[in-house]
Number of protein chains: 2
Amino acid sequence: MKDGSNTLVLLERLGRLLHNDAHREDLKPTQWEALRLLSRANRFSRSPGAVTAYLGMTKGTVSQTLAALERKGLIKKVRVPTDRRNLALELTGEGKTLLRKDPLADLEAAARRLPKRQMAHLGDNLQDLLTEALRRRDGRPFGACKTCRYFQPNVDGGRPHRCGLLEEPLSTQDSQLICVEQEPLG
Amino acid sequence: MKDGSNTLVLLERLGRLLHNDAHREDLKPTQWEALRLLSRANRFSRSPGAVTAYLGMTKGTVSQTLAALERKGLIKKVRVPTDRRNLALELTGEGKTLLRKDPLADLEAAARRLPKRQMAHLGDNLQDLLTEALRRRDGRPFGACKTCRYFQPNVDGGRPHRCGLLEEPLSTQDSQLICVEQEPLG
DNA sequence: GCCTTTTAGTATCGAGTCGATACATAAAAA
DNA sequence: TTTTTATGTATCGACTCGATACTAAAAGGC
């Protein structure tokens with residue numbers, strides 16, 4: 001076992017490989033990441049602002065990336081009536097179809113050659129490091145809704161779940177997706 | 001412990017954070033990476049070609065990145081007399097000084113808040129994943145010389161070590177640096 | 001030696017990234 | 001009703017990156 005001093009160098013290098021491998025299907029790596037996020041985000045988190053928070057870029061850049069995705073017909077922007085500053089981003093059919101060719105799947109194949117336990121371990125350790133790194137930059141964890149301190153599982157029997165922060169009902173599906181507002185339990 | 005299915009997503013996100021945090025001191029993330037590699041590479045590996053292999057980009061892009069670093073006075077290009085196609089890249093004094101402000105050090109501070117054993121584990125697991133990923137793209141590991149199958153530790157007593165592949169003498173310092181040609185011990 | 005092939009690196013193009021800055025609206029707060 | 005804050009866009013300049021075409025030097029075949 002090594003001393004872990006060059007762990008971050010490894011991380012950066014592996015991150016770069018992942019990133020550079022994502023020049024596919026006429027999309028750029030960042031565009032893939034945005035698309036991927038939109039497919040995993042609940043309805044409070046499919047906005048330019050949420051993408052900005054997730055990717056850690058400036059909103060100007062995100063605006064351009066989303067404009068490119070819209071030009072390519074992979075997402076569409078919908079005005080939200082309740083707050084007209086907000087935009088809701090929705091994947092189109094093409095967007096969903098294209099996601100099946102996600103270049104990340106390639107490395108997944110490589111990962112499958114490693115012991116399952118090891119990959120799970122790796123995930124846990126990465127999660128801890130990410131949490132620590134996000135704390136330092138006031139970043140948001142983007143965890144699943146159902147692991148959030150504001151999550152209220154369906155209290156009244158058959159009724160939908162609720163988000164205690166936004167005071168909104170939550171479908172079971174939404175509660176399994178990730179959220180900008182999520183704050184971990186405990 | 002999670003199932004590890006989203007480990008790669010974590011990896012990509014953490015990689016992006018690292019990358020985006022590296023807009024400092026009037027350098028771009030990629031320029032930092034190149035600079036960092038040059039400070040860790042032995043004399044066979046301080047060339048545009050080696051940087052290309054390490055970063056996994058095309059040589060055209062690397063050529064520009066190196067041109068930018070040279071413009072900024074951080075590296076210099078030296079013609080190699082033995083093979084006049086080759087360029088040797090050397091860090092200047094400014095380059096070495098600037099490296100002390102490496103933005104990667106920030107995350108290192110974050111990492112220090114995690115248990116040391118855990119970081120070491122993380123490093124080992126990342127290394128395995130990187131090895132697997134590199135295998136798939138015919139990438140080079142860039143390991144340390146002294147862990148290479150061609151490394152011949154000073155056979156004749158006080159003489160320098162040797163590289164059995166390039167048939168060249170190796171100073172102790174060079175043997176501790178990383179190398180394009182490195183192939184791990186079987 | 002001559003000719004072809006390979007290797008190392010550069011030049012240029014076009015789309016995209018990214019921070020910075022300035023800007024437009026809309027909602028919220030004073 | 002004014003500020004003030006929040007959400008998103010437009011534009012600029014330096015850089016990234018793949019693709020392609022290019023130069024020059026070494027290596028190999030004969």
Side-chain angles (χ1 to χ4, degrees), chain A residues 15-35 44-72 74-89 103 137 180-181, chain B residues 15-35 44-72 74-89 103 137 180-181:
Chain A
R16 163 174 289 278
L17 286 187
L18 271 167
H19 192 79
N20 279 357
D21 271 352
H23 287 271
R24 302 256 191 94
E25 308 293 332
D26 203 32
L27 285 196
K28 302 284 173 176
T30 305
Q31 297 170 353
W32 276 112
E33 283 195 81
L35 211 57
F44 311 128
S45 313
R46 291 192 290 258
S47 64
V51 177
T52 301
Y54 185 82
L55 297 181
M57 314 188 295
T58 56
K59 51 188 184 171
T61 304
V62 169
S63 186
Q64 293 179 76
T65 298
L66 295 175
L69 288 177
E70 193 181 27
R71 256 197 325 276
K72 296 174 201 233
L74 303 172
I75 64 172
K76 56 174 192 284
K77 296 176 179 173
V78 185
R79 280 254 161 243
V80 174
T82 57
D83 183 337
R84 294 178 45 204
R85 291 171 302 185
N86 256 286
L87 280 181
L89 305 169
R137 40 154 50 229
V180 226
E181 306 291 354
Chain B
R16 164 175 287 277
L17 285 187
L18 272 167
H19 192 78
N20 279 358
D21 271 354
H23 287 271
R24 302 257 191 94
E25 308 293 333
D26 204 33
L27 286 196
K28 302 285 173 175
T30 305
Q31 296 170 354
W32 276 113
E33 282 194 83
L35 210 58
F44 310 128
S45 313
R46 290 192 290 258
S47 64
V51 177
T52 301
Y54 184 81
L55 297 181
M57 311 187 299
T58 56
K59 52 186 184 173
T61 303
V62 169
S63 186
Q64 294 180 75
T65 297
L66 295 175
L69 288 176
E70 193 181 27
R71 259 199 319 278
K72 296 175 201 229
L74 303 172
I75 65 172
K76 56 176 193 284
K77 296 176 178 173
V78 185
R79 280 252 161 246
V80 174
T82 56
D83 183 336
R84 292 179 45 204
R85 292 172 301 182
N86 257 285
L87 280 182
L89 305 169
R137 39 150 57 228
V180 225
E181 306 289 355

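Each chain gets a letter, A, B and so on, in the order the sequences are listed, and its residues count up from 1.
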Which atom pair, heavy atoms only, marks the closest approach of A:A22 to A:W32?
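Smallest interatomic distance, heavy atoms only, reads O-CD1, 3.0 Å.
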Open item on the list: Which heavy atom of B:V62 sits nearest to which heavy atom of B:P48, and what is that distance?
Closed with: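 Heavy-atom minimum between the residues: CG1-O, 3.7 Å.
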Nucleic acid contacts - residues 53-66 of chain B versus DNA chain D, non-hydrogen atoms under 4.0 Å: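 Here the set is B:M57, B:T58, B:T61, B:Q64, B:T65.
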Between [atom2] of [N] and [atom1] of [X], the distance in whole Å:
| X | N | atom1 | atom2 | value |
| --- | --- | --- | --- | --- |
| B:K77 | C:dA8 | NZ | P | 16 Å |
| A:K28 | C:dG14 | NZ | P | 14 Å |
| A:E25 | D:dG18 | CD | C1' | 15 Å |
| B:W32 | D:dT16 | CH2 | C1' | 18 Å |
| B:L87 | D:dA25 | CG | C1' | 12 Å |
| B:R79 | C:dT10 | CZ | P | 8 Å |
| A:R24 | D:dA19 | CZ | P | 12 Å |
| A:L27 | D:dG18 | CG | P | 15 Å |

Heavy-atom distance under 4.5 Å between the side chains of [X] and [Y], does that happen here?
| X | Y | value |
| --- | --- | --- |
| A:T52 | A:M57 | no |
| A:D21 | B:R137 | yes |
| A:L55 | A:T30 | yes |
| A:L27 | A:L35 | yes |

Residue closer to the 5' end of DNA chain D, A:H19 versus A:A88 (nearest nucleotide):
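Nearest-nucleotide comparison on DNA chain D picks A:A88.
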Q) Under 4.0 Å between a Lys/Arg side-chain N and an Asp/Glu carboxylate O for B:R16 and A:E33? A)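 Yes, charged N to carboxylate O under 4.0 Å.
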Between A:P81 and A:D26, who's closer to the 5' end of DNA chain C by nearest nucleotide?
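Checking each residue's closest nucleotide, the 5'-ward one belongs to A:D26.
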Counting distance alone, no hydrogens or angles: does the base of C:dT25 have a donor or acceptor under 3.5 Å from a partner atom on the side chain of A:R85?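 Counting by modelled atom types and ignoring angles, no donor-acceptor contact under 3.5 Å is found here.
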Open item on the list: Side chain of A:Q31, heavy atoms from C-beta onward: which of D:dG8, C:dT17, D:dC15 has the nearest atom to it?
Closed with: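 The answer is C:dT17.
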Please tell me which of the listed nucleotides, C:dG16, C:dA8, C:dG19, lies nearest to the side chain of B:N86?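 In terms of side-chain proximity for B:N86, the closest of C:dG16, C:dA8, C:dG19 is C:dA8.
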Quick check on [N]: is either OP1 or OP2 less than 4.0 Å from any side-chain nitrogen or oxygen of [X]?
| X | N | result |
| --- | --- | --- |
| B:R16 | C:dT17 | no |
| B:K72 | D:dC15 | yes |
| A:R71 | C:dG16 | yes |

Checking all strands, does B:T52 fall into the base, sugar-phosphate, or nothing category for heavy-atom contacts under 4.0 angstrom?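 Here B:T52 touches no strand at all.
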